[in-house]
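Side chains are part of it too, since the values below use all heavy atoms of this structure and drop only hydrogens, waters and symmetry mates. Model, not experiment: these values are computed from the prediction.
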Amino acid sequence: MLEPYVRPGIDDRPDLDKALSPEDKAAVARLAIKDRRRPPEASADQPEAQTVRLAAAGSSAAAAAAASVDTPAPDMSSAYLDMRDPMVAADGQRPTTGQVSRLNWGFFAASILVGAPWIALNTIAMPNAVARLFGYDTASAISVTINPATGRPLPVATDLAMPLAVLVIVGIVASMFAMPLISALSDRTRTPLGRRTPWMVAGGVLCALLTLLLGQNTGIVVLCVFWALMQFAYAMLSVPLASAISERVPDKFRPRIERWHGIGVMLGQALGVCMGAFGVMFDSFTPFTYTAVLFAVSGILSVLILPKEPSSTEQPRQLFNSDQVLDQLRPPAHAPAFARVFTARTCMMTGVGLTGVFLWYLVRFWVYGKAVVFTSAPLTLPAGFLIAGMAAATLVGAALASWAAGPISESIEEKNIPTTRVVAGACLLYAIGLGLAWGLGVWSTGTARENGMLLFALISGFAFGIYDSLGLELVMDSLPDPRRAGHDLGIYALANSAGLALAAIIGALLVNAFEHSFGYYLLFPSAIVMVLLAGIVTLTAESAQ
């Protein structure tokens with residue numbers, strides 16, 4: 001009987017599971033290579049994610065994202081730096097043509113849905129809630145004392161500046177810790193729905209619940225507690241959204257999608273201000289109702305419009321380390337250029353915040369400081385329409401800035417003009433807008449104050465858009481280490497928080513110290529000083545080069 005042919009080296013190989021002893025198997029295992037999957041890059045270290053967060057920081061910074069100025073962040077993980085396919089996203093997905101379109105319009109819609117209610121809360125709803133706590137009800141007239149020397153009404157509601165400043169500072173401090181914490185926790189989320197989707201849906205629902213609680217007539221202490229919790233809820237919604245753009249959008253399509261995201265942020269800011277202004281005309285609780293509904297659907301609709309996020313269950317487990325959160329708050333060492341840019345941004349945001357933080361009080365109690373017989377809500381209707389007009393004017397100015405930033409950048413490059421001078425000129429233009437609003441309000445009568453505020457909104461929207469669009473070049477040039485660009489851009493974004501906190505403190509002290517003479521008048525000249533100081537600090541960067 002013929003024996004079957006035995007292929008040498010193939011059929012006669014021993015079964016290693018049977019031939020090797022347990023000791024031999026352990027020795028082989030020690031020599032084997034451990035193929036451990038590396039965890040994905042932390043969102044706090046992604047330069048593109050930090051750039052998106054900076055653009056959505058609640059100011060005209062979105063004009064920089066919408067502009068055609070080519071100032072990319074130094075991303076060392078970009079597909080253009082190696083042989084990887086730029087049509088493949090960082091999460092390993094290759095989106096189809098339809099999915100790219102959904103990514104584009106999904107992030108555009110998400111920027112509006114997420115940004116509009118947040119701006120409505122910060123600009124109108126929360127200042128009005130503080131006013132209601134201290135007896136300045138929206139639906140009732142306010143008794144005003146006329147100054148016999150000038151015939152003008154004395155400043156009213158000066159006692160509201162300090163409580164509002166406390167509320168703003170509490171929110172800023174809570175936000176400084178909420179954003180890095182949520183960022184770290186989101187990176188470690190392992191679910192079949194992905195890393196970012198659960199946080200966005202849960203964050204939107206939690207924001208809606210807290211918004212309804214904020215609208216209740218509680219004390220200032222309780223209001224501060226809920227407002228601090230609101231920062232964590234909003235971070236659950238906004239931080240994963242910014243991270244998703246850098247992870248799910250391939251490098252090939254990122255400029256276009258980020259531009260549309262910036263346009264959506266600008267539209268969301270304008271719609272948010274209008275929503276808060278028109279809502280407060282009916283009742284002090286109405287803006288909270290609108291924003292709660294929009295918050296509730298923002299996360300859900302954003303997830304439904306965007307393509308389905310891939311599962312993260314196979315992602316390696318990472319232990320949570322508090323040092324990774326605190327490291328996002330440590331500034332870079334030995335970086336004088338970065339320190340100057342950070343200081344200039346802080347001064348600029350202080351000047352912007354001196355009018356922005358107290359904008360609702362400026363309009364209600366300074367522009368319309370006397371009892372106007374308009375309707376059953378004598379101050380609310382004209383104030384609401386003026387605020388909405390200012391939002392539209394700011395949007396027009398920011399849109400013009402995003403359109404003009406590209407040609408301006410090309411022109412100064414051809415003529416070899418330092419960018420610092422143009423950025424400082426934008427600071428000067430912003431100061432001129434402040435001066436117009438202040439001058440027309442103090443030395444004019446009739447509708448001059450309204451016209452002054454509208455002119456200020458138009459000029460400031462354009463000036464701040466140019467400041468951000470071209471100033472971003474200075475920021476990128478000042479980064480000390482390209483390998484830590486994401487971390488350093490996150491630190492630079494803290495200048496917004498530092499500037500708003502300083503604005504709240506300085507504004508509250510000025511309003512309370514001069515309540516019987518100037519009151520809210522001094523917010524404009526102090527803002528002019530801070531904006532001009534930002535321009536001077538920016539010019540020092542040119543002399544240091």
Side-chain angles (χ1 to χ4, degrees), residues 43 48-49 51-67 89 91 93 95-123 186 193-208 211 233-250 253-276 279 290-310 391-392 395 398-399 402:
S43 59
E48 294 294 341
T51 304
V52 172
R53 293 180 192 175
L54 185 63
S59 64
S60 297
D91 61 359
Q93 301 293 310
T96 63
T97 303
Q99 289 175 335
V100 170
S101 179
R102 289 180 63 183
L103 286 171
N104 186 47
W105 296 111
F107 286 120
F108 170 75
S111 61
I112 297 177
L113 293 171
V114 174
W118 185 245
I119 294 298
L121 277 181
N122 283 270
T123 307
S186 176
L193 298 176
R195 295 196 295 173
R196 314 301 179 186
T197 297
W199 287 94
M200 292 174 60
V201 174
V205 175
L206 187 57
C207 281
T211 299
Y234 183 70
M236 293 171 59
L237 183 60
S238 61
V239 172
L241 177 63
S243 302
I245 294 180
S246 63
E247 294 170 354
R248 304 187 61 185
V249 178
F253 310 106
R254 188 169 292 166
R256 183 185 75 183
I257 292 179
E258 287 185 353
R259 183 173 297 115
W260 276 102
H261 175 265
I263 295 173
V265 170
M266 289 194 299
L267 292 175
Q269 291 170 4
L271 291 175
V273 174
C274 293
M275 183 173 62
Y290 291 164
T291 54
V293 172
L294 200 53
F295 270 134
V297 302
S298 60
I300 299 174
L301 286 181
S302 299
V303 169
L304 293 177
I305 298 174
L306 292 170
K308 185 180 182 299
E309 185 181 4
L395 177 62
S402 65

Legend entry - Approximate separation, where rounding is to 0.5 Å, of T211 OG1 and Y234 OH: 11.5 Å
Legend entry - Side chain to side chain, L113 and F295, heavy atoms closer than 4.5 Å: no
Inset, instruction - Tell me, please, which residues at least two apart from F108 pass ring-ring contact (aromatic ring centres under 6.0 Å, His included). - result: W105, W260
Inset, instruction - Please name all residues satisfying side-chain hydrogen bond (donor to acceptor under 3.5 Å, both in side chains) with S246, sequence neighbours left out, ordered by chain then number. - result: Q46
Legend entry - Sequence-distant partners of I305, side-chain contact (heavy atoms from CB on, under 4.5 Å), two or more places apart: A109
Inset, instruction - Would you check if the side chain of N104 reaches a backbone N or O of V100 as a donor-acceptor pair within less than 3.5 Å? - result: no
Legend entry - R254 side-chain N/O to V249 backbone N/O, donor-acceptor pair under 3.5 Å: yes
Legend entry - Minimum-distance pair of heavy atoms, taken over all atoms of N122 and W118: ND2-O, 2.7 Å
Inset, instruction - Determine yes or no for a side-chain-to-main-chain donor-acceptor pair under 3.5 angstrom, with E309 supplying the side chain and R196 the backbone. - result: yes
Legend entry - Rounded distance [0.5 Å steps], NE2 in H261 versus CZ in F107: 8.0 Å
Inset, instruction - Say whether, by atom type as modelled, one donor and one acceptor occur between the side chain of R195 and the main chain of S186 under 3.5 angstrom. - result: no
Inset, instruction - Taking the side chain as every heavy atom from C-beta outward, state whether L241 and M200 have any atom pair closer than 4.5 Å. - result: yes
Inset, instruction - Supply the atom-to-atom distance I119 CD1 to T291 OG1, rounded to the nearest 0.5 angstrom. - result: 12.0 Å
Legend entry - Q93 side, atom CD; L103 side, atom CG - distance, nearest 0.5 Å: 10.5 Å
Inset, instruction - Only counting residues at least two apart or in another chain, list the ones meeting side-chain hydrogen bond (donor to acceptor under 3.5 Å, both in side chains) with Q99. - result: none
Legend entry - Listed partners of R248 passing side-chain hydrogen bond (donor to acceptor under 3.5 Å, both in side chains), at least two apart: none
Legend entry - Reported CG-to-OG distance for the pair L267 and S111, which is rounded to 0.5 angstrom: 7.5 Å
Inset, instruction - Looking only at non-hydrogen atoms, find the nearest pair between G204 and L237 and report the distance. - result: N-CD1, 4.0 Å
Legend entry - N/O donor-acceptor pair under 3.5 Å between T197 side chain and G194 backbone: no
Legend entry - Heavy-atom closest pair, residues L294 and P117: CD2-CD, 3.5 Å
Inset, instruction - Find the distance between OG1 (T97) and CZ (R102) and round it off to the nearest 0.5 Å. - result: 13.5 Å
Legend entry - Qualifying residues under side-chain contact (heavy atoms from CB on, under 4.5 Å), relative to A235, sequence neighbours excluded: A178, M179, I182, V239
Inset, instruction - Mind listing the closest non-hydrogen atom pair of M275 and A116 along with its distance? - result: CE-O, 3.8 Å
